[in-house]
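What follows is a set of notes on a single structure, which appears directly below.
Within every chain, numbering begins at 1; the chains are lettered A, B, ... in the order of the sequence lines, protein sequences first and strands thereafter. Heavy atoms only: backbone and side chains are in, while hydrogens, waters and symmetry mates are out.
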Amino acid sequence: MALNDDIMAKFYITTPIYYVNDKPHIGHAYTTIAADVLARYHRLIGDEVLFLTGTDEHGSKIAESAKKAEMTPQEFCDQTSAKFSLAWDELDISNDDFIRTTEQRHITGVKNILNKLKESGAIYEGEYKGLYCVGCERFLTEKELIDGKCPIHKTEPQQISEKNYFFNLKKFLPRLEKMIDQNEIKILPDNRRKEVLGLFKQGMDDFSVSRESVKWGIPLPFDENQVAYVWVDALSNYLTALDYSEGSEKLKKFWPADLHLMAKDILKFHALYWPAMLMALGEELPKTIFAHGFFMIDGEKMSKSLGNFIDPHDLVAEFGSDAVRYLLLSQFPFGVDGDVKLGNFAIQYNSDLANGIGNLTSRVLAMVEKYFNGVVPAEDGGLSGEVGDIWSDYQKAMAEFRVDLAIEAIRKLISIADGYVDVNKPWELAKSDQEKLAKVIYNLLEVLRHLALMLYPVMPECSQKILSALGKSDFTSLTIEELKKWGGLVAGSSVAKSEQLFPRLVKAE
RNA sequence: CGCGGGGUAGAGCAGUUGGCAGCUCGGCGGGCCCAUAACCCGCAGGUCACAGGUUCGAGUCCUGUCCCCGCAACCA
């Protein structure tokens with residue numbers, strides 16, 4: 001976040017690119033929604049945002065899957081990649097770009113990167129030794145073997161070695177360790193940072209950047225018989241989306257990335273391999289790498305064998321996009337692992353969204369209608385202090401990428417407003433004190449405006465509905481300082497009733 | 001002794017630098033009638049996994065023990 005709110009900053013945020021060997025599931029959605037919330041928040045505070053997501057489409061697994069589906073690899077990728085795009089549309093994801101590793105701009109960029117790495121001397125030739133199964137046409141690990149044989153073909157794999165190119169990771173480790181240790185490159189949450197620092201102590205080997213046996217990939221520019229190893233290919237997307245080359249305007253404008261967001265499983269690649277590659281390239285390192293946790297579904301790990309992957313599409317169909325975004329992010333603190341009980345979704349939907357946001361909006365707008373014919377009746381500052389405090393909490397949370405705490409702040413604001421109604425009893429004031437009634441209603445309306453603004457990153461649709469009921473739907477031209485200032489609503493302007501934001505779900509118990 | 005995370009109210013989780021155990025949901029009791037059978041207040045419910053230790057004081061720091069879960073096989 002910009003320390004100085006009146007200077008417009010850029011904010012480059014990424015999700016991992018998702019591997020198209022799989023359909024989008026709730027885990028992909030979690031990462032992407034979180035990124036979207038942060039991207040939208042940064043737009044709200046006036047940053048120029050580049051929010052990137054996309055799909056990772058190379059590798060022998062893809063080629064195999066395509067074969068099974070009787071398609072060319074490209075057709076297969078087109079089809080699955082489209083499923084991700086569609087899923088993100090359904091969830092109102094506001095990504096500015098969607099990169100696919102089979103796109104020409106990516107292929108060109110990766111070749112630029114590989115050439116540059118080669119020229120810098122970071123890449124050297126070596127031998128990759130392993131157990132190769134002819135039937136599978138790939139290397140197997142020791143642990144895949146059953147009785148020393150390939151579990152699929154029941155044959156003993158051959159011990160062979162192929163020529164490979166390696167990246168000289170070790171050379172960059174001392175400098176990288178120092179930078180991470182001194183938080184020049186921030187790794188969050190803090191326990192993940194410690195985990196990464198622990199890896200340095202265990203020691204790490206150079207990694208291979210190419211494969212000879214894989215055909216579906218990007219050929220090395222200096223050796224056409226090899227294709228780029230999946231991580232070199234995939235990680236590069238953060239640069240190739242900026243048209244990585246000497247004179248790229250996008251690169252100048254947006255690099256380095258402000259935030260690489262991902263789940264904890266691929267932290268190692270982002271915290272070690274990627275920065276080391278960037279050092280070799282002579283590029284700046286990402287400012288922050290944030291690895292969030294995994295979740296379990298009803299106490300069980302998400303896995304293919306258990307078949308408990310959830311399709312975000314089904315959730316959206318049941319609760320709506322806004323609610324899914326809210327519910328997923330409010331299950332547990334952002335960053336740690338947590339358990340998601342699906343049965344709680346409907347309960348929480350009713351308590352937080354229907355009874356909370358929906359009902360508050362409804363009761364306030366109904367009172368304006370009833371007591372003042374839908375006209376903002378006065379101006380007052382009765383709740384400005386409380387709202388200011390909530391803004392502080394909210395912005396602090398967002399600056400620390402703690403989306404869950406931002407939601408917490410929103411909940412608190414709703415609770416304040418509900419309590420304010422109860423204490424002031426507008427229905428009694430209507431009979432005794434019109435002047436005070438006008439002020440009370442004004443304060444509630446103004447709270448609604450602030451609520452809607454804070455809601456915008458998390459639930460854009462609901463936010464828009466509230467703002468347009470208040471006649472404030474166009475806020476993009478205003479700075480955050482202007483927006484969050486108390487008194488945005490002017491006496492005499494008219495307010496519409498809103499449709500039910502979150503219809504109550506009938507408990508299916 | 002592979003590395004790491006964790007065991008706090010019926011459920012899901014917070015507890016920052018040690019200073020009176022909190023939040024949400026659920027349960028029970030009251031209040032209110034503007035609102036989506038919504039809202040507000042109060043109550044009950046915890047030996048903070050266990051055993052030691054440091055301290056005026058430990059959920060928090062130290063030592064040990066037990067249990068759960070990740071990482072080496074798909075996977076955010």
Inset, instruction - Hey, which sits more toward the 5' end of RNA chain B by its nearest nucleotide, A:Q348 or A:G356? - result: A:Q348

Legend entry - Distance, C1' atom - from B:rC3 to B:rU8, rounded to whole angstrom: 26 Å

Inset, instruction - For nucleotides B:rC56 and B:rC67, find the distance between their C1' atoms and express it as a whole number of Å. - result: 34 Å

Inset, instruction - Taking atom P in both B:rA21 and B:rC39, compute the distance separating them and give it to the nearest angstrom. - result: 30 Å

Inset, instruction - Give A:F294 one of three labels, base, sugar-phosphate or nothing, depending on what nucleic acid heavy atoms sit under 4.0 Å from its own. - result: base

Inset, instruction - Please work out if A:N359 contacts a base, only the sugar-phosphate, or nothing of the nucleic acid, heavy-atom cut-off 4.0 Å. - result: base

Inset, instruction - Name the nucleic acid region contacted by A:S362, choosing base, sugar-phosphate or nothing; use a 4.0 angstrom heavy-atom cut-off, strictly under. - result: base

Inset, instruction - Under 4.0 Å between any heavy atoms, over every strand shown, what does A:K370 touch: base, sugar-phosphate, or nothing? Just pick one. - result: sugar-phosphate

Inset, instruction - Verify the neighbour count for atom CD of A:Q182: are there more than 12 heavy atoms of other residues, nucleotides or ligands below 6.0 Å? - result: yes

Legend entry - More than 12 heavy atoms of other groups within 6.0 Å of A:K425 NZ: yes

Legend entry - C1'-based separation of B:rC34 from B:rU60 [nearest Å]: 45 Å

Legend entry - Pairing annotation in dot-bracket form, given for RNA chain B with Watson-Crick or G-U pairs under 3.5 Å and | for cross-strand partners: .((((((..((((.....[..)))).(((((.......))))).....(((((..]....))))))))))).....

Inset, instruction - In plain terms, say whether A:K396 and A:E400 are close enough for a salt bridge, that is, a side-chain N and a carboxylate O under 4.0 Å apart. - result: yes

Listed pairs, N/O of protein and of nucleotides 8-14 of chain B, under 3.5 Å:
residue, atom, partner, partner atom, Å
B:rC13, OP1, A:D339, N, 3.1

Inset, instruction - Return no unless some side-chain N or O of A:R504 is found under 4.0 Å from OP1 or OP2 of B:rA38. - result: yes

Inset, instruction - For the pair A:F334 and A:F290, evaluate ring pair (Phe, Tyr, Trp, His ring centres under 6.0 Å) and give the outcome as yes or no after the intermediate values. - result: CA-CA 10 Å; A:F334 192 62; A:F290 191 108; 5.0 Å; yes

Inset, instruction - Give a yes or no on whether the ring-centroid distance for A:Y273 and A:W231 is below 6.0 angstrom. - result: no

Legend entry - A:H270-A:Y238 aromatic ring centre distance below 6.0 Å: yes

Inset, instruction - Write down the distance separating the C1' atoms in B:rG5 and B:rG46, rounded off to the nearest Å. - result: 24 Å

Legend entry - Nearest-Å distance once atom C1' is located in both B:rG59 and B:rA14: 12 Å

Inset, instruction - Using the C1' atoms only, state how far B:rG12 lies from B:rC50, rounded to an integer number of Å. - result: 24 Å

Inset, instruction - Using the P atom on both, measure B:rG4 against B:rC62 and round to a whole Å. - result: 14 Å

Inset, instruction - Determine the contact category for A:A354: base if any of its heavy atoms lies under 4.0 Å from a base atom, sugar-phosphate if only primed atoms, P, OP1 or OP2 are that close, otherwise nothing. - result: base

Inset, instruction - Take A:E408 and A:K425, find for each the nucleotide of RNA chain B with the closest heavy atom, and name the residue whose nucleotide sits nearer the 5' end. - result: A:E408

Legend entry - Any A:N355 side-chain nitrogen or oxygen under 4.0 Å from OP1 or OP2 of B:rC39: yes

